[in-house]
Amino acid sequence: MLVFTISRIANAIMVMLAVAMLAFVIFRLAGDPVELMVNEQMTQEDRDNIRERLGLNDGTATQFVRFVTNAARGDFGISYRNGQDVLTLIGERFPATLELVLVATLISLVVGLPLGVLTAIKRGRWYTESLQFLSIIGVSLPSFVVGILLILVFSVVLGIAPSFGRGEVIQIGWWSTGLLTPSGRAALILPAVALSLYQITLIMRLVRAEMLEVLRSDFVKFARARGIPRWRIYFRHALRNCLMPVVTMTAMNVGSLIAFALITETVFQWPGMGMLFIQAVTFLDIPVMAAYLCIISFIFVALNTLVDITYAVIDPRLRNAR
Amino acid sequence: MTSDTSKPGAAQPTTMLQRARGSDVWWSFTHSKSAMIAATVLAVLILTAVFAPLIAPQNPYDAAQLDMWKAELPPVWQEGGEWPYLLGTDTQGRDMLSAILYGTRISIVIGLASVALSLLIGMTAGLVAGFFGGMIENVLMRIGDITLSMPTILIAILVSTVVRQLLPSELREIGASAVLILAISLSAWVQYARTVRAQTIVERNKEYVQAARLLKVPARRILAYHILPNTLTPVLVAATLNFGMAILTEATLSFLGIGMPPGQPSLGTLIRIGNQFLFSGSWWIVLFPVIQLCLLVVVVNILGDWLRDVLNPKLR
């Protein structure tokens with residue numbers, strides 16, 4: 001078990017190094033950072049000073065090592081655009097994104113689980129078939145389209161929900177939350193729904209497939225023979241056995257939701273990490289881009305590794321698999 | 001579920017067409033209402049896109065044809081709408097219907113090209129990794145692991161940003177579609193590589209491959225003519241579903257402003273433009289491209305889902 005854990009963590013570190021390498025290569029490819037920082041009044045001497053200060057005169061290998069060690073300490077340099085510390089910038093935006101993602105995850109579980117059970121136990125009825133069809137549409141709708149349609153209906157036509165921003169936020173230490181104010185909660189509704197829609201369809205389809213499998217199994221037949229009420233069989237016996245993959249998928253998807261939130265955030269002008277990233281892309285603000293890439297990959301890799309290790313704890317057979 | 005009794009043409013099929021009509025796939029196609037509807041809609045969408053220059057009332061790329069006096073006209077069935085602007089015009093007097101037809105064209109072309117390119121990359125990587133094994137396999141599959149450890153949209157954004165930076169500035173506008181195709185393919189090839197590799201490892205040890213090896217058939221030929229055809233079925237299903245994904249990724253990138261430029265708008269670019277007028281009451285500028293994009297992706301996905309069910313015997 002210890003060997004397995006160590007190998008998994010080593011694997012994760014390798015992936016992170018590769019991502020850091022990628023971020024570093026982007027740094028190099030995207031042009032001379034000095035040119036992006038200077039203005040016309042600067043002399044050649046000033047430019048040389050900046051170059052020296054940024055360490056651009058050192059060898060590539062030295063620069064890469066420095067980049068990795070700095071990144072591991074959370075130092076991603078300063079933004080080209082406004083000269084602020086990149087980590088502080090992202091730290092300011094992180095709570096907004098995380099709140100959005102967690103609320104969206106919650107919505108997708110609350111809606112997706114019952115729908116999945118329903119489509120499994122009432123298979124073949126017209127309403128479950130149409131739900132099944134709707135889920136294909138749900139998978140096909142790009143999240144920015146969902147956002148636009150929600151804004152069109154609820155903000156433009158009905159005028160009942162705000163369509164941009166985060167509303168009022170309250171600072172708790174370095175964390176800013178919109179959950180405690182009415183306007184903050186109102187502003188969260190549409191983006192969270194938009195972000196959760198894809199997730200809802202995924203959970204619904206997964207639960208349905210798992211339920212259909214479990215309902216065929218012997219212990220369900222036996223429970224029926226014992227005369228246990230149906231709803232109890234469905235929700236206590238069958239659903240419980242489906243939850244494992246659902247929980248795994250939900251946990252692992254938190255990472256991709258954080259990444260995909262950048263689309264929702266752009267549509268709703270939600271001041272999260274993703275919007276920061278898109279702005280950085282348009283301004284070619286490389287340090288912010290590199291930091292975002294590293295942080296997202298870190299969350300992704302950490303979640304994956306955690307899930308792998310948890311699985312191996314639960315199921316010893318998996319420990320020998322590579 | 002499929003019964004053989006109602007199958008037409010049990011006699012020895014000769015031509016390709018006859019063989020296709022006698023196949024399981026054709027049978028279940030003609031017996032699936034949703035597949036037939038989806039295929040019809042897709043055919044209409046593709047045909048109208050291909051023949052857009054003939055059908056569209058206006059060439060939306062030709063600035064001379066744009067009439068500023070006709071800007072922001074609503075669709076014809078609304079008050080103030082005018083022929084021939086069936087779906088209205090945008091703020092530059094561009095006919096929405098024409099823009100949508102031309103945009104669909106761009107979306108479909110980019111979608112197809114990126115599926116083709118990612119198939120090429122993925123299948124080559126999968127075949128080589130599965131057949132030769134060892135060091136090559138390790139390196140290729142590790143690259144795949146790392147690609148998968150990042151969300152696809154992020155990879156696409158990064159690739160398109162970096163490649164665009166590398167292009168000289170006068171090529172950026174023209175090369176936009178090529179950059180997108182590359183970006184989307186590089187974010188989608190791993191799935192093919194994994195599928196093909198797994199299948200190749202199975203086929204590699206079968207007798208017909210060993211026989212070919214003993215006959216000193218070159219590895220390239222064994223891969224292309226012996227192993228490749230046996231890995232195609234799962235790849236075909238994945239490719240259909242990925243066609244929808246590719247269109248979506250392209251639309252998303254264009255919507256975010258890092259895809260097709262406004263000069264040659266794809267559906268995503270049109271939605272990006274229209275999104276700015278969401279609150280001005282000109283709903284048609286955004287809603288019609290949205291509907292077209294959704295329709296396109298939904299029918300592709302329905303076909304993909306159907307194909308997966310048909311070709312996967314386990315699901316019957």
Side-chain angles (χ1 to χ4, degrees), chain A residues 11-12 14-19 21-23 25-31 132-133 136-149 151-152 155-157 163-164 255-260 262-263 266-267 274 277-278 280-282 284 286 289-290 292-293 296-298 300-301 304-305, chain B residues 34 38 142-143 145-155 157-166 241 244-245 247-258 267-268 271-272 274-275 278-281 283 286-287 289-291 293-302 304-306 315:
Chain A
N11 206 353
M14 282 305 295
V15 172
M16 280 315 297
L17 275 180
V19 170
M21 180 93 87
L22 192 71
V25 171
I26 294 172
F27 246 119
R28 312 246 67 196
L29 286 181
Q132 210 32 31
F133 181 72
I136 295 189
I137 297 183
V139 177
S140 311
L141 285 185
S143 50
F144 69 94
V145 160
V146 176
I148 290 175
L149 291 178
I151 292 179
L152 198 60
S155 305
V156 180
V157 179
S163 67
F164 64 91
S256 54
L257 272 187
I258 291 180
F260 275 93
L262 69 91
I263 302 162
T266 312
V267 177
F277 175 66
I278 289 297
V281 167
T282 22
L284 267 189
I286 305 291
M289 285 171 66
Y292 180 83
L293 177 68
I296 292 282
S297 307
F298 178 73
F300 230 66
V301 171
N304 270 316
T305 312
Chain B
S34 57
R142 259 308 126 84
I143 295 176
D145 287 348
I146 291 163
T147 317
L148 280 191
S149 74
M150 282 186 289
T152 47
I153 187 76
L154 209 54
I155 298 175
I157 291 177
L158 287 172
V159 174
S160 63
T161 318
V162 171
V163 176
R164 193 176 322 210
Q165 246 5 76
L166 293 177
L241 289 170
M245 273 305 293
I247 293 177
L248 280 191
T249 312
E250 185 278 321
T252 306
L253 290 178
S254 295
F255 175 77
L256 292 174
I258 37 188
L267 289 174
I271 296 171
R272 174 186 171 78
N275 193 30
L278 210 53
F279 285 91
S280 69
W283 50 269
V286 65
L287 195 62
V290 161
I291 292 175
L293 177 67
C294 295
L295 199 61
L296 184 61
V297 179
V298 167
V299 292
V300 169
N301 280 352
I302 290 176
D305 261 19
W306 163 81
L315 290 176

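Proteins get letters first, then strands, A, B, ... in listed order; numbering begins at 1 in each.
Looking at B:V286, only its side chain comes within 4.5 Å of chain A, counting heavy atoms on both sides. Within the 4.5 angstrom heavy-atom criterion, only side-chain atoms of A:M289, from C-beta onward, approach chain B. Neither the backbone nor the side chain of B:L296 comes within less than 4.5 Å of any heavy atom in chain A. With a threshold of 4.5 angstrom between heavy atoms, B:T252 approaches chain A through its backbone and through its side chain. Looking at B:I143, there are no atoms closer than 4.5 Å to chain A (heavy atoms on both sides), in backbone or side chain. For A:T266, the part sitting under 4.5 Å from any heavy atom of chain B is the side chain, from C-beta outward, and nothing else. Neither the backbone nor the side chain of B:I247 has a heavy atom closer than 4.5 Å to any heavy atom of chain A.
Counting heavy atoms from C-beta on, the side chains of B:L287 and A:L149 come closer than 4.5 Å. With a 4.5 Å cut-off on side-chain heavy atoms, A:F260 and B:T152 count as touching. Contact check for A:V281 versus B:I258: side-chain heavy atoms found under the 4.5 Å cut-off. By the 4.5 Å heavy-atom criterion applied to side chains, A:N11 and B:R142 are counted as neighbours. Between B:I157 and A:L262 there is a side-chain heavy-atom pair separated by less than 4.5 Å.
In terms of the side chain to side chain contact (heavy atoms under 4.5 Å, CB included) criterion, residue partners of B:L248 (sequence neighbours excluded) are, by chain and number, A:P142, B:V297. A search for ring-ring contact (aromatic ring centres under 6.0 Å, His included) contacts involving A:F144 returns B:F255, not counting sequence neighbours.
Counting heavy-atom pairs closer than 4.5 Å to chain B, the top residue among A:L293, A:V19, A:N304 is A:L293.
One distance of note links CG of B:L154 with CZ of A:F277; it measures 5.0 Å at 0.5 Å rounding. Of the inter-residue distances, the one linking A:I263 atom CD1 with B:I153 atom CD1 reads 4.5 Å to the nearest 0.5 angstrom. Between atom CD1 of residue A:I148 and atom CD1 of residue B:I271 there is a gap of 6.0 Å, rounded to the nearest 0.5 Å.
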